[in-house]
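Read the structure below first, then the notes.
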Amino acid sequence: MLNFCAWTRLTQKQGVIIFLCGGERTLRKSCGHQPLIYYYQGYTRVGKAWGHELTNNAPSLLNITAMSHIYCQDSHRHKPTHLNYLLNATAQTKCLRHATQIHSQIITNGFISLPFLFNNLLTLYSKCGRPSLSLLLFSTAHQLTRTVVSWTSLISLLSHLPAPFQALSCFNQMRTAGVYPNHFTFSAVLPACGSTSILVHGQQMHCLISKHGYEGYVFVGSALVYMYAKCRDMGLAEKVFVALPERNIVSWNSMIVGCLLNSFHVKALFLFREVRREDLFSPNQVSFSTVLSASANIGALEFGKQVHGVVVKQGLLTLSYVKNSLMDMYFKCGLFDEGALLFNSLGIENRDVIAWNVMSMGCLYNENFEEACNYLWVMKRAGISPDEASYSTALHASAHLAALDQGTLIHNQTIKSGFSTNTCIASSLITMYAKCGSLDDACQVFEEIDNPNVVCWTALIAACQQHGKGNHVIKLFEKMLADGLKPHYITFVCVISACSHTGRVEEGHAYFNSMEKVHGIIPGHEHYACMVDLLGRSGQLDEARKFIAQMPIKPNASVWGALLGACAKYGNLEMGSEVAGRLFELEPDNPGNYILLANMYAHKGKLREADHVRRLMGINRVRKEPGCSWIDVKNKSFVFTVHDKLHARTDEIYEMLKKVKELVTNKGYVPQTQFAVNSAEELKEESLWYHSEKIALAFGLLALPAGAPIRIKKNLRTCGDCHTVMKFASEIWKREIIWANPCHVEDLHKLFFQPCQVQTPIRVRCSVSVSLPCANSYPPANGEAATVWNCVATETSSHGNWQILMEEAKYLD
């Protein structure tokens with residue numbers, strides 16, 4: 001350091017502060033002037049813990065230009081105000097080395113007992129990213145040093161970590177020590193009560209606030225409103241809000257954000273209108289961002305555009321917080337170009353990680369999974385370090401594409417970036433591997449999680465359910481309950497669906513009944529659809545029909561679709577035609593309902609009625625999507641359709657197809673002509689061998705190395721005949737064959753030397769994903785891999801908060 005000072009030839013006027021630990025040093029007259037100020041500071045009075053910290057953080061030169069004016073040339077001792085200034089300046093730079101140096105000066109000068117220095121130092125370590133040092137400092141402090149301000153600082157620190165239970169424990173210790181909380185203490189501890197989501201904690205704190213007489217303080221009241229909102233009790237939150245003697249913008253924002261958290265989106269829009277009518281204050285960036293998120297979640301595009309206009313008028317469009325929310329609103333409302341225009345207007349230098357994440361999510365909302373993956377790498381090239389939301393978005397896009405290579409590459413990046421222990425990314429990895437057909441890798445990711453939360457458990461349960469491991473799903477669910485975790489809404493969808501696939505009718509009923517009685521979860525349409533499927537699979541069609549009639553909520557298309565699938569399975573044409581009629585009213589644009597009914601008529605020999613249903617599709621302008629399959633070879637996707645002869649190796653492919661037919665026939669294969677409903681009777685058996693997945697299989701056997709897994713992707717469901725052929729091919733060639741339908745997450749098959757145990761697919765499809773929305777994609781074109789995905793999903797916020805998504809896929813035969 002002394003050499004550096006001499007090299008810079010600092011003059012007397014550029015006073016420099018040098019902290020030296022453990023030995024006297026003198027700065028010689030290297031600059032042609034008198035020696036600069038130095039301090040001999042041995043740290044004999046520093047405790048062992050702090051001495052170790054100082055040893056690991058060697059002395060460094062502080063910001064000379066910012067602090068040189070504090071000290072004069074003749075100073076030989078710090079003043080408390082000087083040290084306090086240093087603490088405040090270091091809080092801006094958040095440099096841990098500077099913090100430890102200033103700490104040593106406070107100790108050696110005997111100022112550690114001064115409350116304002118002690119409190120600032122306590123906060124500084126937290127701002128430097130070392131809350132453990134703040135806790136150590138507080139625990140070693142003298143009892144007299146621990147004032148109400150110190151306790152409040154520590155409680156606030158723990159609340160924001162977040163460590164809510166530690167914050168509440170600290171609050172109780174403060175009261176036990178005889179220190180009375182003030183209004184600032186209560187405003188610091190209330191967020192901890194909200195973070196626990198345990199209402200009784202907040203109610204007890206509310207009673208204590210009333211006893212101390214702080215209920216009338218506006219910021220305490222605002223914290224109470226937000227606490228009740230986080231505890232999912234908007235009734236109490238509104239009562240506190242109405243009773244406030246004075247309201248400011250923070251109070252209004254607490255109510256608006258609370259409505260957003262509890263999905264009262266229309267109420268949030270109404271409150272925003274009320275804020276606009278206030279004369280004393282106007283909405284700020286929090287108000288605008290929240291109401292834009294609420295508008296996006298209910299698709300209120302016109303309202304969102306009006307808010308956009310107000311934002312421009314008030315000059316808040318330059319705030320990244322507001323602009324990101326605007327982008328998110330336009331993306332969720334389907335106006336991708338408007339959102340992309342806002343993103344491009346930011347400029348590369350002004351795009352933070354949140355802006356990049358919102359743009360990536362916008363690609364997912366608007367069916368562009370390839371671009372969503374690409375934005376991760378573009379972001380890295382722009383010098384922005386991806387966060388957990390960035391990686392989770394890219395993983396989700398890879399899952400939709402069933403792009404295993406891309407997913408493993410992203411997995412590699414998460415490990416290099418230090419996110420391998422992040423539970424949000426871990427749950428996304430589980431989903432990605434499961435949708436790409438690699439259940440073993442999904443299980444391996446789960447096993448490496450130290451403390452899996454309910455999202456991780458649900459992701460693994462859904463993965464096993466997608467792969468037809470119904471019995472394992474039940475075991476995992478029981479183990480999760482034994483670990484003391486509360487199941488999620490989606491967890492029960494997966495569990496009841498697994499009961500349906502494994503024929504566990506009684507257990508399925510028991511789990512369904514326990515939802516509300518034991519776990520306090522109100523069943524939704526997805527659960528009722530799974531129950532209908534449970535009864536339908538077991539042949540109890542009349543019971544399923546009665547179950548629908550007794551539903552407390554109006555059945556939607558997924559519920560009726562489950563019953564239609566059961567009618568098709570058991571050939572109940574009378575009930576099936578009635579149910580199909582209801583579905584034609586609920587979703588007239590869904591071709592799967594028409595096709596299923598037409599196939600039912602065809603199987604019963606009623607070809608005239610089947611033709612009538614198909615003509616009805618033409619009248620209603622409903623078009624069935626053509627089926628296609630694609631396979632990746634050497635980083636290139638090859639697409640095949642029915643009777644495809646456009647490939648350069650067509651002759652070889654059809655020769656291999658003949659070989660496959662001969663070998664599987666010798667193994668006992670019998671054509672299932674019922675899956676060739678659109679062909680003439682004499683051509684049915686032959687037409688089965690021109691299905692796109694069989695052609696893709698033949699090409700995979702030709703193009704991929706011996707023993708390599710064959711991964712085939714489809715945009716429609718795989719027929720039973722192709723399933724049988726794949727099973728025999730796996731045995732004959734001793735190869736792992738995986739074919740996945742990303743638009744029907746349960747239609748995922750994996751064969752390896754043994755018969756596949758995947759059950760007949762049902763109408764309702766569910767998968768578990770985290771922190772990201774799902775979207776639609778289209779079949780591959782011009783050699784590019786893509787998928788078809790039709791679904792409805794809950795949304796995530798623009799700040800990367802994560803939640804499980806429900807997906808309802810169309811039934812396409």
Side-chain angles (χ1 to χ4, degrees), residues 161-169 191-204 227-237 258 261-263 421-428 430-431 442 445-447 449-465 470 472-499 504 507-528 530-531 766-771 793-794 796-797 801-807:
L161 272 179
F165 291 102
Q166 285 183 265
L168 293 174
S169 176
C193 297
S195 297
T196 64
S197 299
I198 301 175
L199 183 60
V200 67
H201 289 167
Q203 290 175 322
Q204 290 175 352
M227 180 272 297
Y228 280 124
K230 290 194 73 175
C231 290
R232 305 294 178 181
D233 195 329
M234 284 305 297
L236 289 176
L261 290 175
N262 291 273
S263 300
T421 59
N422 186 282
T423 54
C424 295
I425 291 180
S427 58
S428 298
I430 293 170
T431 301
V445 171
F446 181 82
E447 290 173 2
I449 305 173
D450 292 332
N451 295 303
N453 56 17
V454 65
V455 178
C456 298
W457 276 99
T458 304
L460 183 64
I461 288 172
C464 294
Q465 188 260 341
H472 193 52
V473 167
I474 304 302
K475 292 179 182 178
L476 287 172
F477 180 70
E478 293 297 339
K479 186 177 180 181
M480 184 188 75
L481 294 179
D483 288 350
L485 292 174
K486 183 180 178 181
H488 193 275
Y489 180 96
I490 306 302
T491 314
F492 277 105
V493 177
C494 299
V495 170
I496 299 173
S497 179
C499 291
R504 300 168 180 257
E507 289 185 53
H509 271 288
Y511 286 129
F512 179 80
N513 294 331
S514 69
M515 285 182 61
E516 191 167 4
K517 293 179 181 178
V518 179
H519 303 285
I521 300 174
I522 299 175
H525 285 106
E526 298 84 6
H527 304 101
Y528 285 106
C530 288
M531 285 300 298
C766 63
S767 72
V768 178
S769 306
V770 179
S771 60
T794 56
T796 58
S797 74
N801 297 323
W802 309 103
Q803 64 188 100
I804 301 175
L805 309 177
M806 261 309 300
E807 301 163 353

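Just the heavy atoms: all of them, side chains too, but no hydrogens, waters or symmetry mates, feed the values below.
- Distance alone, capped at 3.5 Å, is enough to place a donor-acceptor pair between the Asn453 side chain and the Val455 backbone.
- For the pair Leu481/His519, a side-chain contact is recorded, criterion being any heavy-atom separation below 4.5 Å from C-beta on.
- Nearest approach of Ile461 to Cys494, heavy atoms of both residues: CG2-CB, 3.8 Å.
- Considering only heavy atoms from C-beta on, Lys230 comes within 4.5 Å of Ser195 through its side chain.
- Taking each heavy atom of Ala237 and Ala229 in turn, the nearest pair found is CB-N, 4.1 Å.
- Here the SG atom belonging to Cys456 is positioned 11.5 Å from the CE atom belonging to Met480, to the nearest 0.5 angstrom.
- Counting all heavy atoms, side chain and backbone alike, Pro164 lies closest to Ala192 at CB-O, 3.3 Å.
- Inter-residue side-chain proximity for Thr423 and Ile449 is flagged as met; some heavy-atom pair is nearer than 4.5 Å.
- The two residues Leu476 and Trp457 come nearest to each other via the heavy atoms O-CZ3, 3.6 Å.
- Distance alone, capped at 3.5 Å, places no donor-acceptor pair between the Arg504 side chain and the Ile496 backbone.
- Only one option out of Thr458, Val493, Ile521 pairs with His488 in a side-chain contact (heavy atoms from CB on, under 4.5 Å); it is Thr458.
- The side-chain contact (heavy atoms from CB on, under 4.5 Å) search around Glu516 returns Ile522, Pro523, not counting sequence neighbours.
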Stepwise side-chain contact (heavy atoms from CB on, under 4.5 Å) test for Phe477 and Thr491: CA-CA 8 Å; Phe477 180 70; Thr491 314; 3.8 Å; yes

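- Here the closest non-hydrogen pair linking Ala459 and Thr431 is CB-OG1, 4.1 Å.
- Separating the CG atom in Leu261 from the SG atom in Cys231 is a distance of 11.0 Å, to the nearest 0.5 Å.
- Residues satisfying the side-chain contact (heavy atoms from CB on, under 4.5 Å) test with Asp233, not counting sequence neighbours, are Leu199, Leu236.
- Across every non-hydrogen atom of His525 and Tyr489, the tightest pair is N-OH, 4.0 Å.
- Residues satisfying the side-chain contact (heavy atoms from CB on, under 4.5 Å) criterion with Ile198, sequence neighbours excluded, are Phe165, Thr196, Val200, His201.
- From Met234, atom CE reaches atom OG of Ser263 across 11.0 Å, with rounding to the nearest 0.5 Å.
- With rounding to the nearest 0.5 angstrom, the NZ atom of Lys479 is 11.5 Å from the CG atom of Leu485.
- How far SG of Cys464 is from NE2 of His472: 4.0 Å, rounded to the nearest 0.5 Å.
- No side-chain heavy atom of Glu526 sits less than 4.5 Å from a side-chain heavy atom of Phe492.
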